[in-house]
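Notes follow once the structure below has been shown.
In what follows, chains are A, B, ... by sequence order, proteins preceding strands, each numbered from 1. Because only heavy atoms are used, hydrogens play no part in the values below, and waters and symmetry mates are left out as well, while side chains stay in.
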Amino acid sequence: MSADRKPTDFEMAVYQATRGVPAGKVTSYGRLAATLGRGTARAVGSALARNPFAPEVPCHRVVRADGALGGFNGATEGPELARKRRMLEQEGVRFDAAGRVRPETMV
DNA sequence: CACCTGACATAAT
DNA sequence: AATTATGCCAGGT
């Protein structure tokens, strides 16, 4: 089994940017990458996947650019994703019939 | 140092 | 509208 490694500078930047996302709103992986001016959606996703600062860092407020939930707690589907969706709904985020976040909810 | 994997994005089919 | 293929960067082995 692999031991936890210390967060890299890039990952730290991602966590910090994620902290700035207000409740009731969501951002996308690519949006964060653009804000950081560094890396891409893939890199951001990898960083959030190992987010050691939950729940201080609201990684559940980060979704895909097309409105899909993305992943949560290392899983891209299953009960973990359902939890993520409930948390967002609880914060006031609205979903459509296809299970995608409404565009107006995305910052 | 080279290769592989991954909570993505976008264009094409 | 949904699925497939290609490209992206960063981290791990």
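In this structure, A:R64 places its CZ atom 11 Å from P of B:dT10, rounding to the nearest Å. A straight line from CG of A:D96 to C1' of C:dA2 spans 14 Å, rounded to a whole angstrom. Spacing between atom CZ of A:R38 and atom C1' of C:dA10 amounts to 10 Å, rounded to whole angstrom units. Following rounding to the nearest Å, A:N51 (CG) and B:dA7 (C1') show an atom-to-atom distance of 11 Å. Atom C1' of nucleotide B:dG6 and atom CG of A:L48 are separated by 12 Å, given to the nearest angstrom. Nucleotide C:dA10 holds its C1' atom 8 Å from the CD atom of A:E11, rounded to whole Å. In this structure, A:Y15 atom OH and C:dG11 atom C1' are separated by 11 Å, rounded to whole Å. Between the CG atom of A:D66 and the C1' atom of B:dA11 there is a distance of 14 Å, rounded to whole Å.
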request  = Go through the steps for A:Y29 and A:R64 under the test side chain to side chain contact (heavy atoms under 4.5 Å, CB included), then give the verdict.
outcome  = CA-CA 6 Å; A:Y29 300 94; A:R64 283 172 55 157; 3.9 Å; yes

Derivation of the side chain to side chain contact (heavy atoms under 4.5 Å, CB included) call for A:L69 and A:L88 = CA-CA 10 Å; A:L69 278 177; A:L88 290 173; 3.8 Å; yes

request  = Please assess A:H60 against A:R85 for the test side chain to side chain contact (heavy atoms under 4.5 Å, CB included), listing each intermediate value before the final yes or no.
outcome  = CA-CA 8 Å; A:H60 64 270; A:R85 175 170 168 174; over 6 Å; no

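When distances run from any side-chain atom of A:A43 to the nucleotides C:dG11, B:dA9, C:dC9, the shortest one goes to C:dC9. Distance from the side chain of A:A49 is smallest for B:dA7 among the nucleotides B:dA9, C:dA10, B:dA7.
Residue contacts shown for A:F10 are limited to sugar-phosphate atoms, with no base heavy atom under 4.0 Å away. When heavy atoms are screened at a 4.0 angstrom cut-off, A:R31 is found touching no nucleic acid atom at all. A:A65 comes within 4.0 angstrom of sugar-phosphate atoms only, judged by non-hydrogen atoms across all strands, and of no base. Using a 4.0 Å heavy-atom distance criterion, A:S46 is classed as a base contact.
Crowding of A:E89 atom CD: a count of heavy atoms from other residues, nucleotides or ligands under 6.0 Å exceeding 12. Open room surrounds CG on A:D4; 12 or fewer heavy atoms of other groups in view lie less than 6.0 Å from it.
For A:R100 and C:dA2, the shortest distance from a side-chain N or O to OP1 or OP2 is below 4.0 Å.
Map A:R50 and A:T40 each onto its nearest nucleotide of DNA chain C; the residue landing nearer the 5' end is A:T40.
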